[in-house]
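Below is one structure, written out as structure tokens; the observations come after it.
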Amino acid sequence: MAQKAQQFLSAYLFAAFSIIRVEAVTDITNRPEQRALEKAGFTREGVIRKAQWRNGAWHDQVLYSKLRGE
């Protein structure tokens, strides 16, 4: 279900705005979300180290993007 929502949202954003890029960020331990983003056509760009403070500790994030036409 997350995959479909990501596909619809990115399609809407590309249709409604003159943008060329949509980004998504998720926790490095959230493998289901990473798989959903990849299935929705997003490309993993890299790890943003210690990008989020949560539950008393810093956590790494994974950056994904989708470009217009992909």
Side-chain angles (χ1 to χ4, degrees):
M1 181 182 284
Q3 169 194 345
K4 289 291 184 192
Q6 293 155 349
Q7 287 173 324
F8 287 130
L9 179 58
S10 60
Y12 165 76
L13 291 170
F14 287 127
F17 301 98
S18 61
I19 58 174
I20 61 165
R21 177 184 176 86
V22 174
E23 291 183 356
V25 177
T26 188
D27 192 88
I28 199 161
T29 61
N30 191 346
R31 290 298 301 148
E33 180 68 11
Q34 292 174 44
R35 282 191 298 276
L37 284 164
E38 291 164 3
K39 287 181 181 178
F42 283 75
T43 300
R44 181 179 173 135
E45 291 194 339
V47 174
I48 308 167
R49 301 181 320 159
K50 308 296 183 200
Q52 182 186 52
W53 178 261
R54 189 180 72 246
N55 298 328
W58 288 101
H59 296 263
D60 293 349
Q61 301 285 293
V62 183
L63 174 65
Y64 284 85
S65 72
K66 188 172 187 178
L67 303 178
R68 183 180 292 278
E70 288 186 334

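As a basis for the values below, the full set of heavy atoms in this structure was taken, side chains included, without hydrogen atoms, waters or symmetry mates.
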Give every donor-acceptor pair under 3.5 Å between a side-chain atom in residues 2-9 and any protein atom, sequence neighbours left out.
unit_1	atom_1	unit_2	atom_2	d
Q6	OE1	L37	N	3.4
Q6	NE2	E33	OE2	2.6

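- In terms of heavy atoms, S10 sits closest to K66 at OG-NZ, 3.4 Å.
- The structure places CD of Q61 at 6.5 Å from OG1 of T26, a figure rounded to the nearest 0.5 Å.
- If you chain together hydrophobic residues whose side chains sit under 4.5 Å apart, L67 and I19 never meet in one group.
- Through chains of ILVMFWY side-chain contacts below 4.5 Å, L63 is grouped with V25, I48.
- The salt bridge (charged side-chain N to carboxylate O under 4.0 Å, His left out) analysis of residues 35-59, with sequence neighbours excluded, yields the pairs R21-E45, D27-R54.
- With hydrophobic clusters built from ILVMFWY side chains whose heavy atoms lie under 4.5 angstrom apart, F17 shares a cluster with F14.
- At least one donor-acceptor pair closer than 3.5 Å links the side chain of Q34 to the backbone N or O of I28.
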